[in-house]
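These notes are about the structure you will find just below.
Just so we're on the same page: letters track the sequence lines, and every chain starts at 1. Remember, predicted model here, so these are calculated numbers, not experimental data.
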There are 2 protein chains.
Amino acid sequence: MDKQQILSKNQQIIFDLIDKSSEPLKAYTILFNVQKKGIKAPLQVYRALDKLVEMGKIHKIESRNAFIACHNSSCQVSKATAFSICEICEKVTEISSVSLSKYLTNFKDKDGMKYSKYNLEFFGLCKKCR
Amino acid sequence: MDKQQILSKNQQIIFDLIDKSSEPLKAYTILFNVQKKGIKAPLQVYRALDKLVEMGKIHKIESRNAFIACHNSSCQVSKATAFSICEICEKVTEISSVSLSKYLTNFKDKDGMKYSKYNLEFFGLCKKCR
DNA sequence: TTACATAATGTTATAATATAACAATAACTA
DNA sequence: TAGTTATTGTTATATTATAACATTATGTAA
């Protein structure tokens, strides 16, 4: 899907909130923050989140049940995601390493099988917390 | 922590169930299956799961909220996990590739930071579903 | 421009996943 | 054997996510 596509009203409201956030946002945190904009129900949030993930505009941090905006300009990595997560301050950074994505995209398991889609989460301490 | 350590009663019951399962098990599926053994409450299950994950006896498949037994004999990979997940039949296989774990353990981000812990989930179609 | 299809929205209810708080018991250790 | 830590039991509740159904908006092709 094309990242340049136009967002619907709810999608735009929720994307804007996630995009301007400095940290991953959880669904109910999002809900709380967009209630003044008329989005009242969890399902409205989850539906927008699903679509935004599909489009590659945001990513879900699976280990945290939280969402961050994609910071890779290139579309093709939306199915090949890697993040670093600080175990103290919970800061999450999207990793955009060409060599890493090449390595993982080309990785073959012992049956010779390749996987076009993956999600990688690194854990450790960020600069500040070390 | 040492994988050879003795498990407590609840830990053993829950580990045995996960270990003999051919697919990842969810917490409430586990609960249902161990009620006849006297484990009645979700918290009893979650506490055992937490400990088993800590010990490296089981792993959590984050994208599925489910748990599988570790099938790597070597302890040192309990903090460096990789799985393949079939998007049709949901079959999950733990990947034990020395080159992959070496690559990821030695991976440095653009700040030169290394991460000793990671979780990688590959998605695609398994042999049967292709 | 209208009919049809598809996407998005709104709403209520409920399912599924996970933890808080407190009390009691068992196992380890000095 | 006293003190400490790990484990268990129990009730209640918090958090995350989806089902089901009705409605409105948008895109598309005759």
Side-chain angles (χ1 to χ4, degrees), chain A residues 1-18 21 23-68 85 87 90 92 119 121, chain B residues 1-18 21 23-68 90 92 119 121:
Chain A
M1 250 180 232
D2 188 348
K3 280 205 186 183
Q4 314 314 324
Q5 90 181 68
I6 288 168
L7 302 182
S8 75
K9 186 185 58 135
N10 288 1
Q11 289 162 12
Q12 189 68 60
I13 290 169
I14 287 170
F15 175 73
D16 286 346
L17 183 70
I18 296 171
S21 171
E23 56 184 12
L25 295 179
K26 291 171 162 263
Y28 278 73
T29 303
I30 293 167
L31 177 58
F32 178 80
N33 279 283
V34 296
Q35 279 180 330
K36 48 181 167 285
K37 305 233 176 191
I39 296 176
K40 294 173 192 158
L43 197 44
Q44 294 175 292
V45 173
Y46 280 103
R47 283 197 288 224
L49 290 173
D50 284 350
K51 290 293 178 186
L52 291 167
V53 167
E54 252 181 45
M55 292 176 203
K57 298 279 292 179
I58 64 171
H59 303 302
K60 182 173 187 180
I61 309 302
E62 292 287 354
S63 65
R64 300 298 187 261
N65 298 318
F67 300 84
I68 65 169
I85 302 170
E87 290 181 299
E90 293 291 322
V92 173
N119 180 53
E121 297 182 4
Chain B
M1 247 178 235
D2 188 349
K3 280 204 184 182
Q4 313 314 325
Q5 90 181 69
I6 287 167
L7 302 181
S8 74
K9 187 184 59 136
N10 288 1
Q11 289 161 10
Q12 189 69 57
I13 291 168
I14 287 169
F15 175 72
D16 287 346
L17 184 72
I18 296 171
S21 171
E23 57 183 12
L25 295 179
K26 289 169 164 265
Y28 277 74
T29 304
I30 293 167
L31 176 59
F32 178 80
N33 279 283
V34 296
Q35 278 180 330
K36 48 182 166 289
K37 306 233 175 189
I39 296 176
K40 294 172 191 158
L43 198 43
Q44 294 175 292
V45 173
Y46 280 104
R47 284 197 287 222
L49 290 172
D50 284 350
K51 291 292 178 185
L52 291 167
V53 167
E54 252 181 44
M55 293 175 203
K57 299 279 293 179
I58 65 172
H59 303 302
K60 182 172 187 180
I61 309 302
E62 292 287 354
S63 65
R64 300 297 187 263
N65 298 318
F67 299 84
I68 66 169
E90 293 291 323
V92 173
N119 180 54
E121 297 181 3

Q: Measure from the side-chain heavy atoms of B:Lys9 and tell me the nearest of D:dG9, D:dA20, D:dT16.
A: D:dG9

Q. Which listed nucleotide (D:dT8, D:dT7, D:dT10) is nearest to the side chain of B:Asn10?
A. D:dT8

Q.
So A:Leu31 and A:Gln35, do their side chains get closer than 4.5 Å, heavy atoms only?
A. yes

Q. Should A:Phe67 and A:Leu25 count as side-chain neighbours, where that means a heavy-atom distance under 4.5 Å?
A. no

Q: Between B:Arg47 and B:Lys60, just flag the one whose closest nucleotide in DNA chain C comes earlier from the 5' side.
A: B:Lys60

Q.
Angle between the two end axes of the helix from C:dT1-D:dA30 to C:dA30-D:dT1, five base pairs per end, rounded to 10 degrees?
A. 50°

Verify the contact: side-chain N or O of [X] to OP1 or OP2 of [N], cut-off strictly under 4.0 Å; return yes or no.
X: B:Ser8; N: D:dA6; answer: no
X: B:Lys40; N: D:dT10; answer: yes
X: B:Gln11; N: D:dT7; answer: yes

Scan the side chains in residues 36-47 of chain A for donor-acceptor partners under 3.5 Å anywhere in the protein, sequence neighbours excluded, and list what turns up.
residue: A:Lys36; atom: NZ; partner: A:Asn33; partner atom: O; Å: 3.4
residue: A:Gln44; atom: OE1; partner: A:Lys40; partner atom: N; Å: 2.9
residue: A:Gln44; atom: OE1; partner: A:Ala41; partner atom: N; Å: 2.9

Q. Listed by chain and number, what are the side-chain hydrogen bond (donor to acceptor under 3.5 Å, both in side chains) partners of B:Ser8, not counting sequence neighbours?
A. B:Gln11

Q: With sequence neighbours excluded, tell me which residues meet side-chain hydrogen bond (donor to acceptor under 3.5 Å, both in side chains) with B:Glu121.
A: B:Ser63, B:Asn119

**Q.** Interface limits on DNA chain C, where chain A has a heavy atom under 4.0 Å of a nucleotide atom
**A.** C:dA8 to C:dT12

Q | Value rounded to 0.5 Å, distance of CD1 in A:Ile13 from CG in A:Leu7 | A | 11.0 Å

Q. When rounded to the nearest 0.5 angstrom, what distance separates CD1 in A:Ile18 from CD1 in A:Ile68?
A. 10.0 Å

Starting at atom [atom1] of [X], determine the distance to atom [atom2] of [N], rounded to an integer number of angstrom.
X: B:Tyr46; N: D:dT13; atom1: OH; atom2: C1'; value: 14 Å
X: A:Leu43; N: D:dA22; atom1: CG; atom2: C1'; value: 13 Å
X: B:Leu7; N: D:dA6; atom1: CG; atom2: P; value: 16 Å

Q | Nucleic acid contacts - residues 24-34 of chain A versus DNA chain D, non-hydrogen atoms under 4.0 Å | A | A:Lys26, A:Tyr28

